[in-house]
Every structure is written in structure tokens, then in C-alpha cells.
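Here the structure is laid out as C-alpha cells; the discussion comes afterwards.
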Amino acid sequence: MKAVVYKKYGPPEVLQVEEVQKPCPGDDEVLIRVRAAEVTKGDCEMRSFNYAVKWFWLPLRLAMGVRAPRRPILGGYFSGEVEAIGKDVSRFKAGDQVFGAAQLKMGAYAEYICLPAHYTIVEKPRNISFEEAAAVPLGGLNALHFMRKANVRSGEKVLINGAGGSIGTFAVQIAKLMGAEVTAVDSPIKEDMLRSIGADHFIDYTKRDITYSGESYDVIFNMVAKSSYSRFMKVLSPTGRYLMGNPRISDMLRSFLTSKFSDRSVFFAFAGEKEEELLALKDMINAEKIKPALDKIYSMEQVVEAHQRVEKEQRLGIVVIATHLNNVG
Ligand SMILES: NC(=O)c1ccc[n+]([C@@H]2O[C@H](COP(=O)([O-])OP(=O)(O)OC[C@H]3O[C@@H](n4cnc5c(N)ncnc54)[C@H](OP(=O)(O)O)[C@@H]3O)[C@@H](O)[C@H]2O)c1
């Protein structure tokens with residue numbers, strides 16, 4: 001089968017399309033013919049081993065491979081069709097259209113992926129394409145996890161920093177569904193897109209500081225590691241909740257002081273990416289309450305451009321690679 005592989009850490013050019021062995025499902029596994037996979041900021045960080053947050057460099061390097069990547073195929077989030085199942089699998093059958101998360105096993109930048117059947121893999125929403133479905137699990141699962149943790153109530157003011165990215169575009173829509181008044185913070189080319197998916201207010205971070213309006217927020221969800229903790233505290237209401245998607249170690253330490261010595265709470269746990277959450281997202285999509293904001297679809301052969309776009313360019317939402325395309329952009 002065809003797959004995008006990387007044999008060393010480095011720039012997008014380390015990614016190459018190669019013929020590799022097609023996987024074969026074990027007794028408790030499912031073999032999926034991948035139709036599309038999201039190209040995430042996390043994939044780019046794993047490929048280059050360059051993380052905005054430095055504290056997990058060592059544990060992650062030990063897990064991913066010290067000298068070279070232990071798992072040479074990236075891609076944690078996908079959509080596709082079940083091709084075969086192991087003898088102990090009953091929850092899938094050949095032909096099922098699914099989408100899901102491959103966890104740290106990765107491997108979705110390929111024509112086929114083999115995963116344990118208990119992973120977070122569920123039936124794909126009927127009303128969106130495979131490319132759109134692949135754009136859901138990362139952003140949707142993370143946004144839902146954090147918005148539920150924040151326990152957003154109707155009428156509350158929610159600020160989302162980094163709103164135009166994979167997680168942010170879902171967080172905007174889920175916070176709106178929960179009845180919040182949403183302020184999106186990102187770069188100016190994303191304003192129209194963010195308003196079109198429900199943002200009530202927009203702050204261009206290249207021109208204005210979030211403290212400029214004197215507004216305070218009940219919930220702040222921050223995806224941008226380099227943001228200043230104290231600036232967010234200035235605009236968080238006295239009983240507000242601050243959620244960090246990408247916390248630095250200093251911010252985690254400060255969060256204990258905030259939670260101990262004030263009525264504010266700070267939260268930074270990684271999302272569990274549970275099946276129940278993906279089913280909830282599927283229902284929201286089927287009911288047309290949320291939708292993935294797709295930026296561009298690339299073929300496998302264009303994976304270098306896809307990584308360059310996610311890493312360096314200002315994209316309008318989510319980038320995917322589709323396995324059946326040939327050099328379209
Ligand atoms: N906690 C978790 O469980 C978890 C899970 C997955 C990922 N993450 C991490 O969370 C981060 C965000 O993920 P993502 O996939 O949503 O990333 P993403 O798609 O790159 O989105 C980040 C957004 O933030 C914008 N941005 C950059 N600098 C900004 C600033 N100073 N102020 C406001 N907005 C700014 C970016 O816009 P530009 O176009 O201007 O750059 C982009 O729209 C990643 O670093 C990822 O590794 C955390």
C-alpha cells in the first residue's frame with residue numbers, strides 16, 4: 001500500500017510517499033481503508049520535534065524514538081471504510097463508514113490502517129464527506145472535552161484564544177451551542193470565517209491586546225502556548241474558569257496558586273478522546289448544529305505542502321490529506 005513515511009525528524013521535506021506492507025488485522029483489530037486524514041499542528045510538531053511547550057520534550061522523545069521516529073507513519077485522526085475485522089470483533093463489519101482517532105499508534109497517512117477495535121472509532125456522520133469527517137476528531141474531541149470541563153452556561157461570556165485552528169473552530173461552535181456569547185481571538189484573515197461559524201466578537205491578536213476593551217470573561221480557553229498567563233487573569237471574572245490547551249510548566253504551577261487562593265479555577269488536563277464524545281459530535285453534525293471548518297484538501301503526494309501550510313501559513317480552518325486524490329490542491 002501507499003503511505004507517507006518519515007525516517008528522521010526534520011522539516012516537511014523528510015516526508016516521502018513510499019510503498020509499504022499493507023497491515024493485517026489481529027483477532028481484536030479492525031482494518032480500515034483510509035479515505036482522509038487530518039494534518040494537525042501536533043503532526044508537524046512530532047515530525048520536526050519542535051514543541052512550543054518544552055517540558056514534554058524528553059518523555060515524548062523517549063516514547064517516539066530517540067534517534068529516529070519509532071512509528072514512521074504519522075496521522076492520528078482519520079475517516080474511512082472498514083475493509084476487514086479480526087475474529088473477535090463484533091462491533092464493525094466490512095463496508096462500515098467510520099471516523100476516529102488512532103491515539104499514539106498513529107499511521108493514518110496511509111491507504112490502510114489497522115487499529116484495536118476498542119479505540120475511539122464510530123460511524124461517520126451521514127451528511128458530510130470523508131474529508132470533512134477526518135477534520136472532526138482532533139478538534140471536536142478536544143474542544144468538547146474542554147468546554148464540558150468549563151461547564152459553560154447559557155449567557156456566559158467565553159473567550160477563545162487561537163479560535164481559528166483545529167480545536168478553536170470547534171470550541172467556538174460548541175460554546176455557542178451551550179448558549180455562550182463567544183469572543184474569538186486570532187489573526188485578521190480568520191475574522192469572516194470565525195463569524196460565519198458563530199463568533200459574536202472578534203479580536204485581532206496582531207493589533208489588539210485582549211485587555212483593551214475592559215471586558216471580563218466567565219470562561220477563557222487558550223490554545224496558544226506563548227500567551228501570557230497574567231494577561232488572561234486580568235480579564236477572567238472573579239469566579240471564572242481558565243482552560244489551557246497547551247500549558248507551559250510555569251503556567252501549571254501558577255494555576256495551583258490561582259485555584260487555591262481565589263474563586264477562579266484553572267484546568268489543563270489532556271482530552272481522553274472518548275467514544276461517547278465522538279458519538280456526541282456525530283449527533284451534533286448529523287443535526288447540523290456544528291460542522292468542520294475545512295481549509296484545504298491535499299493528495300498524499302502533496303503532503304510536504306500540506307505540512308508547510310499547517311506549520312507556516314495562515315489557514316482558514318483544517319487541512320486534510322485524501323488518499324484517493326492525485327496531486328490536486
Ligand atoms: N491539551 C490537549 O489535549 C491538546 C490536544 C491536541 C493539541 N494540543 C495543542 O494545542 C495547540 C493548538 O492546537 P490546534 O490543533 O488547534 O492548533 P492550530 O490549528 O495551529 O490553531 C492555533 C491557532 O492559534 C492562532 N494563533 C497563533 N498565535 C496566536 C496568538 N498569539 N494569539 C491568538 N491566536 C494565535 C493560529 O493562527 P495563525 O495562523 O496566526 O498562526 C491558529 O489559528 C497545539 O500546539 C497542539 O499541540 C493540545
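Order of appearance sets the numbers: ligands from 1, and atoms from 1 within every ligand.
Salt bridge Glu305/Lys296: absent, no basic N to carboxylate O contact under 4.0 Å. Using a 4.0 Å cut-off between charged side-chain N and carboxylate O, Glu301 and Lys2 make a salt bridge.
Among protein residues, Lys41, Glu45, Leu138, Asn142, Phe146, Asn161, Gly162, Gly164, Gly165, Ser166, Ile167, Val185, Asp186, Ser187, Lys190, Tyr205, Met223, Val224, Lys226, Gly245, Asn246, Phe270, Ala271, Gln314, Arg315 come within 4.0 Å of ligand 1, judged on heavy atoms.
With sequence neighbours excluded, no residue forms a side chain to side chain donor-acceptor pair (under 3.5 Å) with Arg208.
Within the structure, every pair that satisfies the ring-ring contact (aromatic ring centres under 6.0 Å, His included) test and touches residues 207-263, not counting sequence neighbours, is listed here: Phe146-Phe221, Tyr229-Tyr242, Phe232-Tyr242. Listed by first then second residue, pairs satisfying ring-ring contact (aromatic ring centres under 6.0 Å, His included) with a partner in residues 98-124 read Tyr109-His307, not counting sequence neighbours.
For the atom pair CG of Leu243 and CG of Asn161, the computed distance is 12.5 Å after rounding to the nearest 0.5 Å.
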